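None of the values given here were measured: they were computed from a predicted structure.
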Amino acid sequence: MTPGLVEPAVPDQATKSLADITTSYDDTLRFYLNGTKVVLDEADPEVTLLEYLRGVGLTGTKLGCAEGGCGACTVVISQYNPTTKEIYHASVNACLAPLVSVDGKHVITVEGIGNVKRPHPTQERIAKGNGSQCGFCTPGIVMSLYALLRNKSEPSEHDVEEAFDGNLCRCTGYRPILDAAQSFSAKSSGCGKATANGGGGCCMEKNGNGGGCCKDGADGTDGEVQPIKRFTPPGFIEYKPDTELIFPPALRKHEFKPLAFGNKRKRWYRPVTLQQLLEIKSVYPSAKVIGGSTETQIEVKFKGMNYSASVFVGDIPELRQFSFQDEYLEIGGNVVLTDLEKICADALEHYGEARGQPFAAILKQIRYFAGRQIRNVGTPAGNLATASPISDLNPVFVASNATLVAKSADKTTEIPMSTFFKGYRSTALPPDAIIASLRIPVAKEKGEYMRAYKQAKRKDDDIAIVNAALRLSLNENHIVESADLVYGGMAPITIAAKKAMEFLQGKKFTDLPTLEGTMGALGEDFDLRFGVPGGMATYRKSLALSFFYKFYHEVLSKLHAEEVEVDTQAIGEIERDISSGLKDHKAAEAYEQKTLGKLKPHVAAMKQVTGEAQYIDDIPLQKNELYGVLVLSAKAHARLVSVDPEPALDLPGVVAYVDHKDLASPEANWWGAPSCDETFFAIDEVFTHGQPIGMILADSAKRAEQAARAVKIEYEDLPAIFTIEEAIEKESYFNHFKHIKKGDFEKAFAEADHVFTGVVRMGGQEHFYLETQACLAIPKPEDGEMEIISSTQNPAETQAYVAKVVGVAANKIVTKIKRMGGGFGGKETRSIQLAGIVATAANKVRRPVRCMLNRDEDIMTSGQRHPFLAHWKVAVNSDGKLQALDADVFCNGGWSQDLSGAVVERSLSHIDGVYSIPNVHVRGRVAKTNTVSNTAFRGFGGPQGMFIAETYMEEIADHLKMPVEKLREINMYSPETNMVTHFNQEIKDWYVPLMYKQVQEESQYEQRRQEIEEYNKTHKWNKRGLAIIPTKFGISFTALFLNQAGALVHIYHDGSVLVAHGGTEMGQGLHTKMTMIAAEALQVPQENVYISETATNTVANTSSTAASASSDLNGYAIWNACKQLNERLAPFREKLGPDATMKDIAHAAYFARVNLSAQGFYATPDIGYVWGENTGQMFFYFTQGVAAAEVEIDTLTGDWTCRRADIKMDVGRSINPAIDYGQIEGAFVQGQGLFTTEESLWVRATGGIFTKGPGAYKIPGFRDIPQVFNVGLLKDVQWENLRTIQRSRGVGEPPLFMGSCVFFAIRDALKAARAQFGEHGLLSLQSPATVERIRISCADPILKQAWVEPKEGEKSFFIAI
C-alpha cells in the first residue's frame, strides 16, 4: 500500500509567520453536548466528531461507511445561522464533521433525546411501528426525523418523505419507518376533522358521500377550514415541540474566537473573520481550506492524504451572506446548500419565473444533491474548489455565466466561471486566494431559457453519471443569439459543448434542422471512446443528446411556435407520489394464541432506537487493548517478492505486525468450509485484490491505518481471470460438479413442437449490512483460553478455527455474539477470516485486539452474492406446455471455494421455478477466478435458479406470442397434472396457484394491464410495464448434518426465564420469536423471558443461522426444553391452582429440589437427498409467494420508478406477523436492488473492486421503494402437512426473489419502448436492469446516433464479473 501522500513542503519562514499571525488565537473548544457544557483544552486535531462522541461513550452514533453516504452517524448540531439569522438544527454526518466545527454549537445525539424508560416520540413510534430490525442504522434515522421536527414542528407529508434522503437501511424495506414518521406530518390534504388526520371523523365520512360537506354551509361556523391537527396514534406519546432540549442560552452569547490547536503532525485554524482567513492564506497558500469537510475527510480516510495545516471556514459570517441585486444574485462562497435552497426559492419569488430561471435550475439540482446531512454543511465554494467533473451545481454556474469573486490579502479578482476549470481537479483560483462569493446573473425577461438535468444510478443521494445546464437566448424571430450547453460527467472537467454552441449561433431555433444539426454537433463534442474512464460510453453520450432533445422541446413549448411540432412527451421527468402501503393485520387472527400469532415489535427495538443496543465496536475498551488494521493485497494475482513491515513499525503507537509466521502451525493457516482451500494470511502468492497479507497492531485505529499504508510490498504480476466467460474459456473451475437428471429429455426435445435456447446473465450483490465485519479477541491468563466476541452468524465454526490458529482445544475458546448490525449470509463464513486473524494477533501480543473493518475493506475482503451465467434449452409444445429443460449453469466462485458448491446446487434445485417440467437435465459448475471469494447471501443460489426459470418463461412467451401470465399459469405444479419436482420431491400444501389468482384479483391486474396498454399507445418516451412473479423456496440446509439445533432454558426463583439457543440475532427477529415460543410454552408473559446472547459455552455445536430454518430448528429445541420443564412443574401447577404465577411455581419446585433447567434438542426429520442418484427428500417444505409490480420508465434517460407492488406470502401460521411483514418488505426491497440498482464493478487496470462504498454501490433508498407497497399473508387455508413449530414457515430468504417482478415489469415496459420504434426482436435483458441497461435496450434514433462500438482490441474500463 502507498504511504500517505503529503502536500508540497512549505518554506520554514511561512510556518514561522503563520505562527506569528495566529499567536493570539485561542486553543480551547467550547460547545454543548446533549445540554451539557463541554470545554476541551486539548482537542486532537485529527479526530472527527464521530470519533470524539464514541470515545466519550456515546456509542449510539454508528460508523457505517465513513464517507457520509449511509447516515448511520447522523447527529443534530443546533447553531445560530448567520445566513438566515435563525437557530437551525442541522442533521450532520458525524463521520465527516471535524471536531473543530462544533465550537459554539449544541451537539445532540440519539442518547440526548430519550432512553428506553423515557423515549422521545420519534424513538417510540419507530420502535413500536416495527421500523427497526438490525438497529444499526436506526439511531441515524431517528436523528434525521428529530432534525426535521425541530425545524418544522408540523412537517408536510412531502417533508417527511424527503427527510431521510441521506439515510440507508438494509433490513426494513423502509415502509414501516415512513409510516411511523408520517404520524408526525400535518396531512397535506383532506379535512382536519378526518379520522386519518386525528379528528373525530369528517362529515363526509359520517354522512356517507351523499350528505355534502360541512364546509359548504353558509353559516360560517361549521364551514371554517380547520387547521389540520397532527396525528398521535393511540397508545403513543404525543409530540410536544415545547418540551424539546432548548438551545443553550449561553450559546446565544457565545463569542466566536479565532482558534488554533494541534500538534507537530497537524494543526487546525478556525478564523472568524474574512481578514483573518486571508492573512493565513497569504503566508501559507497551501493550507487546506475546509468548509463542510465532505471531500477532505474522504481524502484523509481513504486516499491517505495528510494536510499538515487545515483552515475551517464554516464560522466566518461574511462568507455566508447573500444579496439580491438588480442584475444578479450574489451568494457568499460558504453559504450552505440547505440555505442556498431557501435563497433560490426566495430569488424565484423576487425576480419572477422568467428572470429567476437560473435559480430554478439550482433548486432542481440541489434537490437530488447528496443527502440532507451533506447539504447542511456543503457549500458552493467547496463544490467549485474541488472541481469535481460530476458536480451538479458547477454546470449551472458556468451556463448562467456566473462570475466568481476571489479574494486574497492584497487583491480581489473576478473570474468568469467559463474560464475557471483548467483540468482534472484544477482551477484558475490563485493559490493565496479564497472564493469569497459568486454572482449569478438573472435571466432576461424575454427570450432566455435555462434548464438543468441530471441522471444518476439512483434518484436520491447519488452522484451524477451525466448532468447538464442548458441555456439559450433567442430574439423575437427565434434566432439564437447565444447558447451555453454545459455538461458534467462527459470529460475530466465541467465542459461546454463548443461545437454545438457554435452551430446554434445565428440559427433559427424553430427549424427542425437546428435540432438535428445540434444533436450531430453534440456527437462530435462528446465523441467518447468505448474504453473511456468511468465506462458507459454509449449511455453517457445518449444522455448528452437526450438532455438537449428534452430541452429543445421544452423551449419550443414555451415559444408556442406554429412551424414545428412540439414533442410534449419528451418534456419533464418521472415524479414520485407520497408513498403508501397496506398490510393485512388480521391475517393471523384465526390461530392467535396467548402470545403466538400476535403482532409484537422486535424485543430490542426500543434499545435500538435509543442507541442503547450494544454492537461489537460499542463494547467499552479493554485494558491494554490494541487496534488491528489489515494489510491487503493491491494486486489481483501476483507473487509476493517481499513484505517489509519495518517502515510501519517505526511509526508512533505501532506495537506489532502479524502474519502467517505467528500462527500456531503452518496447517493452522488453512480454513474454509466445506473445502479447506483458503489461507488467513497470504504466504508467497496473492490470488485476489484485497487478500489479507498481514495485520498491523497499534494503540489507535488511526495510527494502525497509517501504519498499514506504510508496509512496503513488492509484487510480481501474474495473469488474472475475472469473469465467468474467461473462466470457461480457460477451463478454470473448482473441483465441484453436480447435476440433476430426470426423464427422457432427449426424446422430449426430438418430439416437441418447438425448441428454444437462450443465455441468462445475472450480476452479484454486495451484502451491505450496515455493521461491517467486526471482532474483539480477549486472551485470558490461564491455559490459552480466549474469548471471541464476533459479529458472526456462525459462532461454532468461529470457535473451531480460532482454536486451530491459537493451538488449543475448542473447550478453551468461547465465541459469543449479542446481535449483529445485519448479516444476510455475509457473516456465515466470511466473518471467520477476520476472527481468525484478530485471534492470531491477540495470541501473539497476549493483549485484547479489536478490529472493525472500514466499508471499503469489508467489500474488498468479504465476498458477495455469486454472479451466474446459464445456457438453457427448453422444449415446448404449441399449447405452451413445457416438455423438457436442459441447462448448463455456472457461478463465479472467486478465488476460493467457500460455499460456492452448495450455492450452485441450490440454483439447480430451484431452476424449475414453480413449473412442472417432465424431463430435466441440469448441470452446475463453479468458476475459479481472481476476484473476492463469493459466499452465502440471502437466497443462497435460489434466486439465481429462479431467475433463470423466469427468464426462459419470458422469452418462450415472446417466441410463442403468448401472454407470459398465461404461460406461467398453465405450467404450474398442480394436483391435476404433477406435484413431483425434478429432484423427485412431492410438493405438499401447495398454494401458489391460489395466491397467483388472489394477487391478480386484489391488484386489479387485468384492468391495469389494459390501462398500461392504452398508456403506452399514447406515450412515446415514457412506458409502463407490469409483471407477476411466483416463487417457491425450499427450506432446509442442503447439508443434512446442519439441520439440528440445541437450546437451554433456565427458570429462576423469581419466575423469570432465561433462554439460550444456537441461533444468532441479526435483525431478523429470531430472539423475538424464540421468547414468544418460550412464553407460550411455559404460559408466562413474554416480558418475563430473556435471551442474553448466543455463546458456544451455553449451547455447543450449533449450525450457522442461515437457510431460513433458524425459527424452525431453534424454536422446536426451545419447545422441547420447555416441554421437559412443564412435565416437571405439572404437579406444582396442579397443587397451587390455575392462578399461581411462575414465581410461585418455581419457588415451590426449587424447595422440592426439582431441576429448573432443561436442555432441548431438535433435528429435522425425513430429509436426506442423495446427489447423482436423485433420491431422498431435499427440503422439509417450501415457502411460497406471489408478487406483482408496475413500473414506469423514461426511455430518454433510463430513469424509472416502481409505481406499485402487491405481495402475497404463504408463511403458514405466523409466529409473529409484524416480524414476518418486516422480513417480507425488507427482502423484497433487497431483491429489487439485486435486480435493478445494485451493480458490482471491477477496475480492469488494477483488478480491484470499484463499487466499494455507498458512493459507487447503490442499494435502494427511501425513495426507491414501490410508491404503493401492499403486503398480505395467505389466510383461510389449511396446512395439513406442515410439521414445523406452530405450523409456521421460514420467511427470511423466500421473499427476496419476488423483487424480480420489478425487473420483469421493466422488461415489459422495454418491449413497448422497442416496439414504438419498430424493434420486435427478442429482448435478452441482463440483471441488474440498471438505468444504463434500460436506456441502451431501447431502439430509438437518439440511442442509435449515440452508439459507441469498441475499436479492435479495445476493452471496457470496468469489468462486471
Q) Is the backbone of Gly60 close enough, under 3.5 Å, to the side chain of Glu111 for a donor and an acceptor to pair up by distance? A) yes
(Q) Looking at every heavy atom in both Leu96 and Thr294, which two are closest together, and how far apart are they? (A) CD1-CA, 3.9 Å
Q) Will you find, in the side chains of Glu771 and Ser791, an N or O donor that is under 3.5 Å from an N or O acceptor? A) yes
Q.
Would the distance check show the side chain of Tyr1257 and the main-chain N or O of Glu766 forming a donor-acceptor pair, the cut-off being under 3.5 Å?
A. yes
Q.
Using the side-chain contact (heavy atoms from CB on, under 4.5 Å) definition, which of the options Ile316, Val311, Asn334, Leu274 pairs with Ile434?
A. Leu274
Q. Just one of Leu149, Ile141, Leu148, Val110 clears the side-chain contact (heavy atoms from CB on, under 4.5 Å) bar with Thr122, so which one?
A. Leu149
Q.
Under a 3.5 Å distance rule, please check whether Asn167 uses its side chain to pair with a backbone N or O of Gly71 as donor and acceptor.
A. yes
Q) Is there a side-chain contact (heavy atoms from CB on, under 4.5 Å) between Tyr80 and His254 once you walk through the steps? A) CA-CA 10 Å; Tyr80 173 77; His254 178 82; over 6 Å; no
Q) Hey, what's the ring geometry for His767 with Tyr769, parallel, tilted or perpendicular (30° and 60° as the breaks)? A) parallel
Q | Arg150 side-chain N/O to Leu245 backbone N/O, donor-acceptor pair under 3.5 Å | A | yes
Q.
Given 3.5 Å as the limit, does a donor-acceptor pair link the side chain of Arg703 with the main chain of Val654, or not?
A. no
Q: Anything under 30° is parallel, anything over 60° is perpendicular, the rest tilted; go ahead and classify Trp268 against Phe312.
A: perpendicular
Q: Show your reasoning for whether side-chain contact (heavy atoms from CB on, under 4.5 Å) applies to Ile21 and Tyr269.
A: CA-CA 11 Å; Ile21 287 172; Tyr269 301 94; over 6 Å; no
Q. Backbone N or O of Pro848 within a donor-acceptor pair of the Lys623 side chain at under 3.5 Å?
A. no
Q) Is it the case that Tyr284 and Thr22 place a side-chain donor and acceptor less than 3.5 Å from each other? A) no
Q. Do Arg320 and Thr379 come close enough that some side-chain heavy atom pair is under 4.5 Å?
A. no
Q) Any luck finding a side-chain donor-acceptor pair between Gln123 and Asn115 under 3.5 Å? A) no
**Q.** Value rounded to 0.5 Å, distance of CG in Asn93 from SG in Cys65
**A.** 7.0 Å
Q.
Does any part of the side chain of Arg265, heavy atoms only, come nearer than 4.5 Å to the side chain of Asn306, both counted from C-beta?
A. yes
(Q) With no hydrogens and no angle check, just 3.5 Å: does a side-chain donor-acceptor pair link Thr273 and Gln275? (A) no
Q. Hey, does Lys712 have a side-chain heavy atom less than 4.5 Å from the side chain of Pro645?
A. no
Q. What is the minimum heavy-atom distance between Phe256 and Asp103, and which atoms define it?
A. CE2-O, 3.4 Å
**Q.** Residues Arg425, Thr386; criterion side-chain contact (heavy atoms from CB on, under 4.5 Å); working and verdict
**A.** CA-CA 6 Å; Arg425 301 270 181 181; Thr386 53; 3.8 Å; yes
Q: Let me see the working for Met695 and Leu630 under side-chain contact (heavy atoms from CB on, under 4.5 Å), right down to the final yes or no.
A: CA-CA 4 Å; Met695 177 177 259; Leu630 294 174; 3.8 Å; yes
Q.
Just verifying a value: how many Å separate Leu251 CG and His106 NE2, rounded to the nearest 0.5 Å?
A. 7.5 Å
Q: Give, for atom CZ of Phe768 and atom OG1 of Thr1251, the distance between the pair rounded to the nearest 0.5 Å.
A: 10.5 Å
Q) Looking only at heavy atoms, what is the nearest atom pair of Leu319 and Ala436, with distance? A) CD2-O, 3.7 Å
Q. Is a side-chain donor or acceptor of Lys844 paired with a backbone partner of Tyr657 at a separation under 3.5 angstrom?
A. yes
Q: Would you give the length of the straight line joining atom CG of Asp165 to atom OG of Ser144, rounded to the nearest 0.5 angstrom?
A: 8.5 Å
Q | Side-chain H-bond candidate by donor/acceptor type, Asn854 with Glu705, under 3.5 Å | A | yes
(Q) Measuring from atom OH of Tyr627 to atom CD1 of Ile696, what distance do you get when rounded to the nearest 0.5 angstrom? (A) 14.0 Å
Q.
Could you tell me if Arg819 sits above the aromatic ring of Phe136, with its cationic atom closer than 6.0 Å to the ring centre and no more than 45 degrees from the axis?
A. no
Q. Can you list the steps and then say if Asp315 with Lys105 is a salt bridge (charged side-chain N to carboxylate O under 4.0 Å, His left out)?
A. CA-CA 11 Å; Asp315 293 325; Lys105 294 163 194 160; 2.8 Å; yes
Q) So do Thr74 and Tyr146 actually touch side chain to side chain, heavy atoms under 4.5 Å? A) no
(Q) Can you give me the closest heavy-atom contact between Arg855 and Thr772, atom names plus distance? (A) CZ-CG2, 3.7 Å
Q: Check Gly1255 against Glu67 and note the closest heavy-atom contact, atom names and distance.
A: N-OE2, 2.9 Å
Q: Measure from the side-chain N and O atoms of Thr427 to the backbone N and O of Ala385, and report whether any donor-acceptor pair falls under 3.5 Å.
A: no
Q.
Between Ser91 and Asn376, is there a side-chain heavy-atom distance shorter than 4.5 Å?
A. yes
Q: Answer whether the closest heavy-atom distance between the side chains of Lys62 and Leu770 falls below 4.5 Å.
A: no
Q: Enter the distance from Asp858:CG to Lys1252:NZ here, rounded to the nearest 0.5 Å.
A: 12.5 Å
(Q) Could you tell me if the side chain of Thr861 sits less than 4.5 Å from the side chain of Gln833, heavy atoms only? (A) yes
Q) Knowing that exactly one of Thr61, Thr48, Asp618 qualifies, which makes a side chain to side chain donor-acceptor pair (under 3.5 Å) with Arg54? A) Asp618
Q | Side-chain (Gln297) to main-chain (Ser293) donor-acceptor, under 3.5 angstrom | A | no
Q | Any Gln614 side-chain heavy atom under 4.5 Å of Pro620 side chain | A | yes
Q: Give a yes-or-no answer on whether the side chains of Asp432 and Ser282 include a donor-acceptor pair shorter than 3.5 Å.
A: no
**Q.** Shortest non-hydrogen contact between Ile619 and Arg850, atoms and distance
**A.** O-NH2, 2.8 Å
Q: For Asn383 and Ser391, indicate whether the former's side chain and the latter's backbone hold a donor-acceptor pair under 3.5 Å.
A: no
